[in-house]
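Have a look at the structure below, then the notes.
Atoms within a ligand are numbered from 1 in the order they appear, just like the ligands themselves.
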Amino acid sequence: MSSETPSTSLENLSREDRRFPPSEEFSAQAVATSELYDRAAADREGFWAEQARELLSWSTDFTQTLDWSNAPFAKWFVGGELNVAYNCTDRHVEAGHGDRVALHFEGEPGDTRTLTYAELTAAVKQAANALTDLGVGEGDRVAIYLPMIPEAVISMLACARIGAPHSVVFGGFSAEALHSRIEDAQAKLVITSDGGYRRGKPAALKPAVDGALAKGSESVEHVLVVRRTGQDVEWTDGRDVWWHDVVDSASAEHEAQPMDAEHPLFILYTSGTTGKPKGILHTSGGYLTQATYTHRNVFDLKPETDVYWCTADIGWVTGHSYIVYGPLSNGATQVIYEGTPDTPHQGRWWEIVAKYGVSILYTAPTAIRTFMKWGEQIPAEHDLTSLRVLGSVGEPINPEAWVWYRRVIGGDRTPVVDTWWQTETGAIMISPLPGVTTAKPGSAQVPLPGISADVLDDEGHPVPNGSGGYLVLTEPWPSMLRGIWGDDERYKETYWSRFEHMYFAGDGAKKDDDGDLWLLGRVDDVMNISGHRLSTTEIESALVSHPKVAEAAVVGAADDTTGQAVCAFVILRGNAEQGDDIVTELRNHVAQEIGPIAKPRQIMVVAELPKTRSGKIMRRLLKDVAENREVGDVTTLADNTVMDLIKSGMTGSS
Ligand code: WTA
């Protein structure tokens, strides 16, 4: 196992013996039953074909479920044609559910908007017409840089409707990061807004787009701007257009054209082990099948009665699969919220749950740990009895947070589903099924019906129960990534070369005595900060791009609230002066290069970095320092006095 695997948590976890069997009442009404496992085990491909046909509307039926002849490049539902946006909007209206609420939007300042399925369908049709008028056609890429407002959902669906793959860039990313994503995908259009509300104030977005395009982006023809905050914006005539000018006046008639099952639906950039983010490519039929299937079964969704709320941002994959595509394909009613959990007060989320009668809540462990810190008296002030299923995603959830979530938020009554998946997997892969699985706090437990996973040792052999190793997926799945945008080699190299014929997830995992899976965090140079993936190398490159920095090493150190926190060690250039100013300057520089989420919690100015004889930085030792631990084995260091030097000479901090 790599040194990055948290072995201490491995020991702690094996002492966790609390069990939460489903209640009889819950099981009796549950969507998922244990039969699903049997059906999938008997005929995996047949099972997926059945899901695809039952859950989606196809314009042309497929002739082959999986074509894996050119592995690892998969084709699912070969020959099938469908329109993803039609599946998420029109078909519900045609089925008589046009009056059902699709979105309850709650703005941070307290403004609200409700869109029924009929209204959402009309809005998507108008946006699709406007995009076409702006010259966007099938196959053209569209970058979306928006806050959590209904137009974000409408934009994504409008792109899907006309077959233009979207690339959503999280609003917290900087102009620099936005620029590299626009360039990599050669986007033709950027959709943004003047700004959004964040912590009680309007926060501008348009300047970052202007900044990104000022760096040179020849592919971009137009910028479509939603007016959200009303703040002043710079305007480039001929390039910039207001949403209310071109979308609101567009026709609400639009016939969705069928697309091939493998037509690209979106690209989403995520951090890898190198400095350059990877454009993860997802396509239409397989992705929508698994997003729909998992959303329905894992959350026990009853579209007629449930009110679902996923607190993610659409800038991340969770927002793609579990705000836009899964829920809307299922015809669910959901809440979307623009702002932060503590604006204007720390009970805002619980107020929203009570106001809309939210019955299914999907959030991240970092949020749960923050609420634990704020105290249980805050949720206790609100009526949370509408909740009936709770979900967790993004990082390992520690058993204490799991139990707190169930007890304080779920009234000791609701199932909690810990869902493991990745941007690359497109949809949930490993999770208990509520009503079926006896839950173990802290464990994602079992691959979903239709999914095959294992844990391997260094040599690629499955580990026995009770042991840890590397998580792999042993069979292709419908919502798997189809590649890395423009880089087939990197796709093969990153995911399919570590172990033969298996997908290497980059996560450590352990099988317990029952064979259930416990996720242990990344085994590579990817950090997980508040459930957001960041690469150590990417932040190191940002630091060394500063004129005062000679060298930098970044590690993710354990943090009680955010899971991990960014800790940087830097060597300054000879003539740079030290002190607190430089720390602030460097933190701001990282925010500018990547975004505020990447700002190091701690920057330590050091004279040397620990390196092996071949010049590789030993991050494991720096992690020991960052986590205030006794420094581990230093015998492979080229100069084993370096660690003493670092510990005695450290200056600067948060
Ligand atoms: C981590 C987010 C443990 C994991 C959907 C994975 C988890 C990375 C869990 C993907 C979980 C996600 N338990 N770890 N339930 N869910 N992870 O691409 O390290 O932003 O590889 O996708 O988050 O992050 P990504």
Those atoms of ligand 1 less than 4.0 Å from some heavy atom in L519: 3 (C), 13 (N)
Is there a polar contact between ligand 1 and S392, counting only N or O atoms under 3.5 Å apart? no
Answer yes when R533 and E424 have at least one side-chain N-carboxylate O distance shorter than 4.0 Å, and no when they do not. yes
Nitrogen or oxygen of T270 less than 3.5 angstrom from that of ligand 1: no
R181 to F173 six-membered ring, cation-pi geometry met (6.0 Å, 45°): yes
Using a strict cut-off of 4.0 Å, indicate which atoms of ligand 1 neighbour a heavy atom of V393. 5 (C)
Considering non-hydrogen atoms of the protein only, which is the closest contact for atom 4 (C) of ligand 1, and what is the distance? D507 OD2, 2.8 Å
Counting each atom of ligand 1 from 1 as listed, which ones have a heavy atom of G394 under 4.0 Å away? 1 (C), 7 (C), 9 (C), 12 (C), 16 (N), 17 (N), 23 (O)
So if I count the atoms of ligand 1 from 1 in the order they appear, which ones are less than 4.0 Å from some heavy atom of N528? 1 (C), 23 (O)
Taking D306 first and then R388, would you say they form a salt bridge - that is, a charged N and a carboxylate O separated by under 4.0 Å? yes
Aromatic ring proximity W48/Y293, centre distance under 6.0 Å: yes
Check ion pair D560-R369 (N to O, under 4.0 angstrom): no
Going by distance only, is there an N or O of D418 that falls short of 3.5 Å from an N or O of ligand 1? yes
Quick one: is the NZ or CZ of R406 closer than 6.0 Å to the six-membered ring centre of F20, and within 45° of its axis? no
Ring centres under 6.0 Å, that's the criterion: do Y405 and W402 meet it? no
Of the side chain and backbone of P396, name the one, both, or neither that has a heavy atom under 4.0 Å from an atom of ligand 1. both
Look at atom 24 (O) of ligand 1 and find which of H532, M429, R533 reaches it with the closest heavy atom. R533
Honestly, for T423 the part within reach of ligand 1 (heavy atoms, under 4.0 Å) is both
Please work out whether any backbone atom (N, CA, C, O) or any side-chain heavy atom from C-beta onward of T318 is under 4.0 Å from ligand 1, and answer side chain, backbone, both or neither. side chain
Which atoms of ligand 1 are found less than 4.0 Å from any heavy atom of T419? 9 (C), 11 (C), 15 (N), 16 (N)
Pair D487 + K278, salt bridge at N-O below 4.0 Å: no
In this structure, does ligand 1 have an atom that sits under 4.0 Å from one of the heavy atoms of W421? yes
Partners passing ring pair (Phe, Tyr, Trp, His ring centres under 6.0 Å) against Y287 (at least two apart in sequence or in another chain): F266, H282, Y325
Can you sort out which atoms of ligand 1 are near V317, meaning under 4.0 Å from one of its heavy atoms? 5 (C), 22 (O)
